[in-house]
Amino acid sequence: MSKNPLDKKELEKIIKTTQNIEGYKEPTKELVAKVKTLREKYGIKVQKRN
């Protein structure tokens, strides 16, 4: 038995609701492209999480 009482679907629903309350929005493709160019321009390196 899992120690986590929430299943994956319920957890996704909670996260989505919380993000909506806090005003989080998914980034658009244009914004992602702009950030990528700014990173290259200023030499900012970001490591992905594992």
Over 12 foreign heavy atoms within 6.0 Å of OH, Tyr42: no

d(Lys16 NZ, Leu11 CG) to nearest 0.5 Å is 13.5 Å

Inter-residue atom distance Ile14.CD1 - Gln19.CD, 0.5 Å rounding: 12.5 Å

Taking the side chain as everything from C-beta on, heavy atoms only, tell me whether Ile15 gets closer than 4.5 Å to Thr17. no

Is there a path of hydrophobic side-chain contacts, each under 4.5 Å between heavy atoms of I, L, V, M, F, W or Y residues, that connects Ile44 with Leu38? yes

Straight-line distance of Leu31 CG to Lys36 NZ, nearest 0.5 Å: 13.5 Å

